[in-house]
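The next block holds one structure in the form of structure tokens; read it before the comments.
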There are 2 protein chains.
Amino acid sequence: MSSIIQRLMKFGVDVNRILTPRTRGPKATKVHQGHLLDAALAVFAREGLRGASIRAIAREAGCDPSMLYYHFQGKEGMFEALLERSIGPVVTELLALKDPKDPRSVAERLWGVICIYHRHLGESEGLRGLLRGEIIRGAEGIRESITKRVFPALGAISDLIRFGIERGDIRPDTAPLFATFFLARMELEILDLIPVLGPRVAGIPADQALPMAERAWFRLFWRGIATRPEEPLPFLNES
Amino acid sequence: MSSIIQRLMKFGVDVNRILTPRTRGPKATKVHQGHLLDAALAVFAREGLRGASIRAIAREAGCDPSMLYYHFQGKEGMFEALLERSIGPVVTELLALKDPKDPRSVAERLWGVICIYHRHLGESEGLRGLLRGEIIRGAEGIRESITKRVFPALGAISDLIRFGIERGDIRPDTAPLFATFFLARMELEILDLIPVLGPRVAGIPADQALPMAERAWFRLFWRGIATRPEEPLPFLNES
DNA sequence: AAAAAATTTCAACGAATGATGAAATTTGCC
DNA sequence: GGCAAATTTCATCATTCGTTGAAATTTTTT
């Protein structure tokens with residue numbers, strides 16, 4: 001059976017090399033940056049932030065860990081790029097809520113904060129972790145990079161709340177920064193936990209629990225800051 | 001200079017052993033379990049959850065990492081013991097809030113949740129991380145162990161809210177479980193972030209920012225669930 | 001066809017981690 | 001004094017991690 005191989009080896013032939021040929025060099029489907037970022041998100045979704053090692057991402061992408069260093073400058077640079085792609089749109093949409101030409105009420109626009117978070121961050125626990133400033137081993141500098149992006153967006157929401165105070169929709173003793181913090185931060189917690197806790201603790205199916213909790217949260221929040229808390233919030237009953 | 005050492009080594013003398021004598025065996029001040037748990041908390045406070053390696057804790061305690069395996073069964077067992085000591089009292093106090101003989105109003109008792117969290121968890125970010133269910137490398141099983149302890153306490157708060165609904169203090173359309181989740185979870189976020197964010201974003205000194213945010217949060221929360229939201233909350237102005 | 005550039009993998013380094021078994025030292029008991 | 005139990009450290013193992021430099025292969029350019 002293996003006598004042929006043994007004879008070949010005797011003549012100095014690198015048998016290993018023939019049986020498992022090396023595969024270096026460009027593939028038919030080149031590994032581009034977006035593919036690696038997709039892989040990172042997939043690892044996030046499957047193994048959480050703690051699973052976000054370079055090796056795990058490369059495994060997911062079906063390539064060698066070195067590819068990460070070819071396309072980005074290290075792990076840090078890769079997450080920087082991931083942020084640009086993932087959190088960039090969130091920040092843009094949040095900033096747009098401040099637009100004075102927006103015809104919607106302040107309440108509905110604040111509800112928009114929750115909708116935007118839900119839409120962009122509902123799927124990836126890892127992305128929420130990043131946004132929340134959690135730390136990834138080997139990419140500790142990411143934290144500051146995120147706050148630099150997110151703070152202006154939160155500032156826009158604060159401005160929106162100030163606008164609501166001026167218009168008389170929101171109680172004047174509301175602290176805009178705190179209220180912004182409460183609104184946005186709680187939505188992150190809801191997205192993280194309610195899909196797990198809802199079925200387990202309250203027996204609500206996961207897909208129903210999330211919207212229920214979000215609506216419950218916004219009703220509580222708005223009632224907590226509104227000048228006229230009894231006014232109905234019709235936009236909550238849509239979709 | 002080192003010729004003597006070389007001559008000694010030639011005769012088979014273990015020079016290293018003479019220059020740095022071994023120090024095995026019991027110390028004058030024995031390392032007991034509590035000391036190790038204190039060290040773990042200190043590491044938490046200084047380096048956060050990610051710094052909670054066995055080696056870091058042993059370094060803090062001034063002993064060898066092996067001591068952890070002598071006193072506890074591995075890293076997991078050690079955090080189990082830390083929970084027993086640290087989170088046990090929190091849970092006990094939370095359960096006591098449900099006591100029907102407590103003369104305080106429902107509002108004041110819900111404010112008690114925030115006070116209890118503040119008192120027991122304000123100092124250690126790591127403890128909050130544990131309570132929040134964050135994962136520690138090498139002690140992944142801790143998560144379940146925590147939820148098992150915390151869920152009954154959160155159930156007690158939910159009962160308290162139900163009691164408030166029965167008494168007519170809390171709006172009947174309030175979902176007790178969600179409200180409990182909002183109240184407790186937000187306090188964790190406040191303890192984590194406001195001391196950092198307050199000075200940086202709003203220019204408020206760290207020690208003032210925390211109580212301000214907690215009071216702002218509870219006012220918002222209570223206004224969000226109360227039947228009579230305009231009723232004053234005098235206990236908020238104490239201390 | 002030859003040379004240069006681009007893409008991919010390989011092999012390895014140094015560091016950190018959780019864990020273990022054995023050795024060394026002290027303490028307490030008979 | 002001798003002996004067993006308790007306490008502490010040492011040396012080491014197997015993993016995993018981020019990172020790097022060189023080799024191999026394909027593609028593009030000359």
Side-chain angles (χ1 to χ4, degrees), chain A residues 14 16-36 39-40 43 47-82 135-142, chain B residues 14-36 39-40 43-44 47-82 135-142:
Chain A
D14 190 345
N16 244 354
R17 178 67 165 286
I18 294 173
L19 292 179
T20 61
R22 301 215 171 160
T23 52
R24 290 194 258 207
K27 292 179 183 173
T29 61
K30 288 183 191 169
V31 178
H32 54 291
Q33 301 198 5
H35 184 52
L36 288 172
V43 171
E47 312 192 38
L49 263 193
R50 79 182 184 287
S53 73
I54 284 189
R55 287 171 154 92
I57 294 170
R59 211 177 306 132
E60 173 73 29
C63 66
D64 191 88
S66 303
M67 288 307 292
L68 266 151
Y69 293 86
Y70 181 72
H71 281 298
F72 311 99
Q73 39 195 37
K75 192 172 184 180
E76 195 116 3
M78 149 153 203
F79 283 111
E80 202 83 43
L82 184 59
I135 281 181
I136 289 192
R137 279 235 305 181
E140 280 79 5
I142 284 297
Chain B
D14 190 346
V15 178
N16 244 354
R17 178 67 167 284
I18 294 173
L19 293 179
T20 60
R22 301 214 170 159
T23 53
R24 290 194 257 207
K27 292 178 182 174
T29 62
K30 289 183 189 168
V31 178
H32 53 292
Q33 301 198 4
H35 185 51
L36 288 173
V43 171
F44 276 170
E47 312 191 40
L49 264 192
R50 78 181 184 287
S53 73
I54 285 189
R55 287 169 155 92
I57 294 170
R59 212 178 304 131
E60 173 74 28
C63 66
D64 191 88
S66 303
M67 289 305 292
L68 266 151
Y69 292 87
Y70 181 72
H71 281 297
F72 312 98
Q73 39 194 42
K75 192 174 184 181
E76 195 116 1
M78 148 153 206
F79 283 112
E80 201 82 42
L82 184 61
I135 281 180
I136 290 191
R137 277 235 308 180
E140 280 81 4
I142 285 298

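To find a chain, count down the sequence lines: A is the first, B the second, and so on, and within it residues start at 1.
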Nearest whole Å is fine: how far is [N] [atom2] from [X] [atom1]?
X: B/Ile54; N: C/dG18; atom1: CD1; atom2: P; result: 5 Å
X: B/His32; N: D/dA6; atom1: NE2; atom2: C1'; result: 16 Å
X: A/Arg50; N: D/dT16; atom1: CZ; atom2: C1'; result: 14 Å
X: A/Glu47; N: D/dT16; atom1: CD; atom2: P; result: 12 Å
X: A/Tyr70; N: D/dT27; atom1: OH; atom2: C1'; result: 11 Å
X: A/Glu140; N: D/dG18; atom1: CD; atom2: C1'; result: 11 Å
X: B/Phe72; N: C/dT20; atom1: CZ; atom2: C1'; result: 18 Å
X: B/Gln73; N: C/dG18; atom1: CD; atom2: C1'; result: 15 Å

List the atom of [X], the atom of [Y], and the distance in Å for their closest heavy-atom pair.
X: A/Phe72; Y: A/Gly77; answer: CB-C, 4.0 Å
X: A/Ile57; Y: A/Ala39; answer: O-CB, 3.6 Å
X: A/Gly51; Y: A/Val43; answer: O-CG1, 3.3 Å

Does anything in residues 58-68 of chain A reach DNA chain D, meaning a heavy atom under 4.0 Å, and if so which residues?
-> A/Ser66
Option from B/Met67, B/Lys75, B/Arg59 for which side-chain contact (heavy atoms from CB on, under 4.5 Å) with B/Ile54 holds = B/Lys75
Report yes or no: does A/Glu60 contribute a side-chain atom to a donor-acceptor pair with the main-chain N or O of A/Ala40 at less than 3.5 Å?
-> no
Residue met sooner reading DNA chain D from 5', once A/Glu76 and B/His71 are mapped to nucleotides = B/His71
Take atom CD of B/Glu140 as the centre, draw a 6.0 Å sphere, and report whether it contains more than 12 heavy atoms from other residues, nucleotides or ligands.
-> yes
Between the base of D/dG18 and the side chain of A/Arg137, is there any donor-acceptor pair under 3.5 Å?
-> no
